[in-house]
Amino acid sequence: MENITPSNFIEQAIVEDIKEKGLKKIVTRFPPEPNGYTHIGHCKAICIDFLTAEKFKGYTNLRMDDTNPSKESEDYVKALMDDIKWLGFKWKNLYYASDYYDFLYDCAIDLIKQGKAYVCELSADEISQTRGTLTEPGKESPYRNRSIEENLRLFEEMKAGRFADGEKTLRAKIDMASPNINMRDPVIYRIMHVPHFRQGNKWCIYPMYDFAHPLSDAHEGITHSLCSLEFEDHRPLYNWFVDNCRLITGVKPRQIEFARLNIAGTVISKRYFIELVDGGYVDGWDDPRLPTLAGFRRKGYTASAIKEFCTRIGVAKSNSIVQPHILEACIREELNKTAMRVMAVLDPIKVILTNYDSNKTENVEISNNPTIEKSKKHTVKFSNELYIEREDFMENPTPKFFRLTPNGYVRLMGAYVIKCDEVVKNSAGEIDYLKCSIAYDTKEQGIKPKGTIHWLSVKHSEKVRTRKFHDLLKEGEVYEHGMLDKIINPNSMEEHVSYIEPFALKQKGNMQFIRNGYYIEDCVLSKQNDRVYLETVGLKDSK
RNA sequence: UGGGGUAUCGCCAAGCGGUAAGGCUCUGGUCUCUGAAUCCAGCAUACGUUGGUUCGAAUCCAACUACCCCAGCCA
């Protein structure tokens, strides 16, 4: 642990702490509130929490921050755990803040006994009104100076359920004139006659985050409590509880904040996801259009690529907006090496081979992944009627167009070299189909086509459903559009074969990805910020 | 106008007083049974602004400016 070179400001701080405090073990925690599914923002936090501890040979606890029973449920707990496991992280202990309710209650009693907490009878509105403003100090509550005995009795009665929701609160007695609003006698316990998903009806008072979090951290021996920037203002309060609660012994945890993740063009917000899911605008939490881990997984993203992304974007304190191309690059880099490829034609134009027997069918072997030297192959049926990509034919070619042109040659991926002999048009003057012929003797004739294109046999391909996706809040139209190599059997495919996404149709470099023919089961065209994206939908969990 | 933060290439981001890492994007070239991938090369005299200290500053000091967060009995 002595020779660790810090690679960000958090690790730097930890190295200093190790020297100054003589820490033996670094312990972090990932503390999600079980009220929603894991999203890419959580992933960043998860990576920071786990990877930091890992670097110092320490460990990370998973703690469900379940201090508000009105929002939380067991379903989310399970989903959260599944997601973290899927990412490949192993927590040392699984805890629940609710496991500490007794301890936390004792801490509150201790604070009261020290005259550092009091039962307040101000209503929520009154507390709000007496809190002061950003520029003016607050007013002290008339209940602030009750006797310790009375506070003890009242708090006991709060716990016993004598009062209605909101009637009383327990507040820390700190400083109503503090320039930091969090220090103006924050509420630490509120009355909520709501059953807790794990505690049932045992409690009707629940601790607030600001109180429960630092004490939970300290209680379970967390040395570094890493959280996002918006909690910077809470740090003095965090330290106040750790310093003032006499039940805390041992190493005091240190809170360090980092900037949360923002991705351009993507909303990362539980509230927003809930709206979309509950409103039926998306398929569910795992809709591939959502930046949830479940959505990414369904879309074919891999855990390692997502983790790589989190590593690449780094950890800092500046509020930055990461461009999605960084994530895309991570996905592409990995999937390029691992994903099985098949041919897919999105915008077909028919090719009829005049010198190929119309009753004949041939099996063509095509590599599952050309970047793998001894890649397995899959069989694709070849016949006299084919579809090629409309974009791969140009009637009046530009000088550097290497694909199919009238009287030009092009190679059909894994199959023959063909020549376009005639462009057949309909009455409207649009291309109906192309009459082509196979050049069987390319070698003899010295024909070396510069281009290679993908294709599908008309009678052996099948349509896939695609939808045009205008706006996340509107129902998309349905289009029949696009073909899929029929030979593909999803069950035989390895994990993560579904890559496509998200790429701009107009960006040529990225177009190559679809042209390379990854598996598509169902596509969605989405338009965001004037860019058109194509994403896969419908491939069920690949786990 | 109170408090807490942040400002380095199109996007992330290192740097911690000794003369601007790296990744993504982009641009050339190479190669190729998909114009992809690969490989090779290029891409900040410049670090929010203005002053100051110093032989020397992105790094220290001062004053500005811009943006973010805080007035839940949410986390």
Side-chain angles (χ1 to χ4, degrees), chain A residues 7-9 12 31-33 35 65-68 70-72 97 120 122-125 127-138 165-171 177-184 186-192 205-206 208-210 212-213 227-236 257 259 261 264 270 308-309 311-330 332-333 336-337 341 343 366-367 369-371 389 392 400-403 410-415 417 449-455 508-517:
Chain A
S7 55
N8 61 46
F9 76 99
Q12 220 165 68
E33 182 185 18
N35 69 342
D65 222 349
D66 55 349
T67 55
N68 183 352
S70 66
K71 292 182 167 183
E72 300 145 6
C120 182
L122 256 25
S123 69
D125 275 353
I127 288 183
S128 173
Q129 281 159 19
T130 53
R131 191 166 5 238
T133 66
L134 296 177
T135 51
E136 300 158 36
D165 287 6
E167 207 175 315
K168 290 183 171 51
T169 55
L170 184 69
R171 295 225 259 163
S178 171
N180 181 344
I181 291 175
N182 293 300
M183 301 300 271
R184 317 237 262 233
V187 170
I188 60 181
Y189 262 96
R190 75 282 219 188
I191 299 171
M192 285 178 98
I205 54 170
Y206 292 95
M208 298 288 290
Y209 164 88
D210 280 323
H213 206 88
C227 63
S228 47
L229 244 32
E230 66 263 36
F231 291 103
E232 274 180 315
D233 287 343
H234 296 241
R235 195 182 338 120
E257 311 84 10
L261 174 67
K270 278 188 205 169
E308 173 63 20
F309 167 69
T311 304
R312 282 190 198 180
I313 57 175
V315 187
K317 293 189 75 163
S318 62
N319 278 305
S320 51
I321 300 173
V322 173
Q323 297 301 309
H325 62 66
I326 299 182
L327 209 207
E328 290 162 29
C330 295
R332 248 185 286 134
E333 195 172 286
N336 179 46
K337 294 177 195 151
R341 298 168 191 198
M343 295 191 286
I366 295 183
S367 168
N369 186 322
T371 67
E389 207 71 65
D392 287 342
K400 287 195 170 177
F401 185 79
F402 297 152
R403 288 164 277 162
V410 78
R411 183 190 304 281
L412 295 176
M413 176 88 148
V417 171
K450 277 191 174 176
T452 302
I453 61 174
H454 56 282
W455 50 272
K508 209 166 180 188
N510 285 330
M511 267 311 280
Q512 191 57 31
F513 249 82
I514 186 76
R515 301 186 71 241
N516 273 339

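On a predicted model such as this, the values are computed, not experimentally measured, just so you know. Quick note on labels: first sequence line is chain A, next is B, and so on, each numbered from 1.
B:A62 and B:U19 have their C1' atoms separated by 24 Å, given to the nearest Å. For the P atom pair drawn from B:U54 and B:U49, the interatomic distance equals 23 Å after rounding to whole Å. Going from the P atom of B:C47 to that of B:G5 covers 25 Å, rounded to whole Å. Annotation: B:C60 and B:G18 have their P atoms spaced 12 Å apart (nearest Å). If you take atom C1' in B:G28 and the same atom in B:A14, they sit 27 Å apart, rounded to whole Å. Nucleotides B:C12 and B:C55 are separated by 36 Å at their C1' atoms, to the nearest Å. Across B:C64 and B:G29, the matching C1' atoms stand 48 Å from one another, rounded to whole Å. The separation of B:U25 from B:C9, taken at their C1' atoms, amounts to 11 Å, rounded to a whole angstrom.
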Write down the protein N/O and nucleotide N/O pairs, taken from nucleotides 3-7 of chain B, whose separation is under 3.5 Å; answer none if there are no such pairs.
| residue | atom | partner | partner atom | Å |
| --- | --- | --- | --- | --- |
| B:G3 | N2 | A:Asp233 | OD1 | 3.3 |
| B:G3 | N2 | A:Asp233 | OD2 | 2.7 |
| B:G4 | O2' | A:Asp233 | OD1 | 3.3 |
| B:G5 | O2' | A:Glu232 | OE1 | 3.3 |

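Between the base of B:U34 and the side chain of A:His454 there is a donor-acceptor pair shorter than 3.5 Å.
Of the side-chain N and O atoms in A:Arg332, one or more sit less than 4.0 angstrom from OP1 or OP2 of B:U25. An OP1 or OP2 oxygen of B:A36 is reached within less than 4.0 angstrom by no side-chain nitrogen or oxygen of A:Arg403. A close approach under 4.0 Å does not occur between any side-chain nitrogen or oxygen of A:Ser7 and OP1 or OP2 of B:A14.
Under the Watson-Crick and G-U wobble criteria, each requiring two contacts below 3.5 Å, nucleotide B:C43 is left unpaired. Pairing of B:C9, defined by two Watson-Crick or G-U wobble distances under 3.5 Å, is not identified with any nucleotide. Applying the Watson-Crick and G-U wobble criteria (two distances, each under 3.5 Å), B:U1 pairs with nothing in any strand.
Note on A:Ala124: a base of the nucleic acid sits closer than 4.0 angstrom, heavy atoms only. Within the nucleic acid shown, A:Arg131 comes within 4.0 Å of sugar-phosphate atoms alone, with no base atom in reach, counting heavy atoms only.
By the salt bridge (charged side-chain N to carboxylate O under 4.0 Å, His left out) test, A:Arg235 pairs with A:Glu257, sequence neighbours left out. Residues satisfying the salt bridge (charged side-chain N to carboxylate O under 4.0 Å, His left out) test with A:Glu230, not counting sequence neighbours, are A:Arg260.
A:Glu232 places a side-chain heavy atom less than 4.5 Å from the side chain of A:Lys317. Within the 4.5 Å cutoff, side-chain heavy atoms of A:His213 are placed close to those of A:Asp65.
For A:Phe231, the side-chain atoms get nearest to B:A75 when compared with the rest of B:C70, B:G23, B:A75. Considering only the side chain of A:Met413, B:U34 comes nearest among B:C73, B:U34, B:A75.
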